[in-house]
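One structure below.
Bear in mind the structure is a predicted one, so any value in this text is a computation, not a measurement. Naming: A, B, ... by sequence-line order, numbering from 1 per chain.
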Amino acid sequence: NAGVMQNPRHLVRRRGQEARLRCSPMKGHSHVYWYRQLPEEGLKFMVYLQKENIIDESGMPKERFSAEFPKEGPSILRIQQVVRGDSAAYFCASSPGGPDSPLHFGNGTRLTVT
Amino acid sequence: ELKVEQNPLFLSMQEEKNYTIYCNYSTTSDRLYWYRQDPGKSLESLFVLLSNGAVKQEGRLMASLDTKARLSTLHITAAVHDLSATYFCAVDPRLQGKLIFGTGTLLAVQP
């Protein structure tokens with residue numbers, strides 16, 4: 001059973017470009033979470049999605065950031081007009097749902113904005 | 001604001017000695033998680049503590065939870081080099097998978 005798959009592993013963008021980060025959850029998992037880790041810090045929750053629905057986006061910056069989890073295909077975290085402060089590791093996690101289900105994390109996408 | 005604090009932030013350990021990491025949190029939570037992260041890698045789930053008084057052990061690591069004190073400890077017995085990593089605790093107050101992570105504790109085992 002493949003784990004949570006994220007791609008790309010590393011992404012370099014110039015300021016003002018768009019970044020698209022992809023996440024395929026574990027098989028059978030319908031809950032997806034995105035977290036961001038700034039250098040030397042812990043992970044911060046960004047958004048929680050189920051298929052075709054955003055459940056909680058309280059951790060998402062109000063502008064430039066969006067997320068989706070379509071009926072078919074991976075979840076996408078999209079950052080428009082990237083700035084240097086967006087440089088971070090972005091982790092996706094999935095779970096089958098339920099209060100006792102631990103999250104399974106992907107290997108992350110390391111975004112560098114030059 | 002919900003806070004999860006770990007201490008120490010950095011721990012230089014000698015092999016074969018015992019150490020403890022503390023995780024304090026500021027809100028009610030019946031779920032506490034411990035994760036390990038190696039440099040440049042993802043998070044590996046170590047323990048899920050589901051109730052007050054829960055204690056779990058795996059190898060040289062043992063985690064416990066006191067929900068009344070809002071405190072969890074991760075105890076390391078006879079440290080070895082392959083335990084060098086950053087350890088995070090996290091709580092999930094609303095049981096939705098919206099984890100609030102601690103600041104992390106960087107462990108370095110010295111030979």
Side-chain angles (χ1 to χ4, degrees), chain A residues 2-7 9-10 21 23 25-26 29-50 53-60 67 69 75 88-112, chain B residues 1-10 21 23-51 54 56 58 63 65 67 72 85-106 108:
Chain A
V4 178
M5 304 300 291
Q6 289 187 249
N7 68 82
R9 290 294 306 275
H10 299 274
L21 289 63
C23 169
M26 286 181 70
H29 287 192
S30 59
H31 299 243
V32 165
Y33 306 79
W34 286 92
Y35 286 80
R36 176 166 65 177
Q37 185 177 33
L38 294 170
E40 310 299 327
E41 293 187 12
L43 278 73
K44 297 283 195 291
F45 168 81
M46 298 182 75
V47 63
Y48 164 31
L49 309 106
Q50 294 180 27
N53 289 304
I54 297 174
I55 307 302
D56 184 337
E57 57 181 349
S58 57
M60 289 276 271
F69 187 18
S75 176
Y90 292 82
F91 289 95
C92 171
S94 72
S95 84
D100 293 340
S101 302
L103 299 188
H104 297 263
F105 282 84
N107 284 329
T109 293
R110 277 143 187 92
L111 172 65
T112 302
Chain B
E1 183 187 346
L2 305 177
K3 284 188 178 179
V4 181
E5 295 182 335
Q6 292 179 232
N7 73 83
L9 297 183
F10 175 72
I21 303 171
C23 173
N24 291 90
Y25 51 99
S26 65
T27 187
T28 302
S29 179
D30 290 332
R31 301 284 185 275
L32 191 131
Y33 303 84
W34 283 97
Y35 287 89
R36 168 183 171 146
Q37 186 180 35
D38 290 288
K41 304 287 187 183
S42 185
L43 278 76
E44 174 191 352
S45 178
L46 294 175
F47 300 108
V48 180
L49 301 170
L50 299 176
S51 62
K56 290 196 174 179
E58 181 73 35
L65 177 62
T67 57
S72 179
T86 300
Y87 292 80
F88 292 98
C89 63
V91 297
D92 183 6
R94 295 171 63 186
L95 304 181
Q96 284 185 322
K98 182 180 171 180
L99 300 184
I100 303 169
F101 280 84
T103 44
T105 297
L106 174 61

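Here A:Gly106 is the residue among A:Ala93, A:Gly106, A:Gly59 with the most heavy-atom pairs under 4.5 Å with chain B. Among the candidates B:Ala90, B:Gly104, B:Gly40, B:Ser45, the residue making the largest number of heavy-atom pairs closer than 4.5 Å to chain A is B:Gly40.
With sequence neighbours excluded, no residue forms a salt bridge (Lys or Arg N to Asp or Glu O under 4.0 Å) with A:Arg36.
The aromatic rings of B:Phe88 and B:Phe101 stand perpendicular to each other, their planes meeting at an angle above 60°, with 30° marking the opposite boundary. Relative ring orientation between A:Tyr33 and A:Tyr35 is described as tilted, the plane-to-plane angle lying within the 30° to 60° band.
Of the atoms belonging to B:Gln37, it is side-chain heavy atoms, and not backbone ones, that fall under 4.5 Å from chain A. The parts of A:Asn107 that come within reach of chain B are both its backbone and its side chain, each placing non-hydrogen atoms under 4.5 angstrom from that chain. Contact annotation for A:Gln37: only side-chain heavy atoms (C-beta onward) come within less than 4.5 Å of a heavy atom of chain B. Proximity to chain A (any heavy atom under 4.5 Å) is shown, for B:Lys98, by both the backbone and the side chain.
B:Val48 and B:Lys56 get closest at one heavy-atom pair: O-NZ, 2.9 Å.
No side-chain heavy atom of B:Thr86 sits under 4.5 Å from any side-chain heavy atom of B:Phe10.
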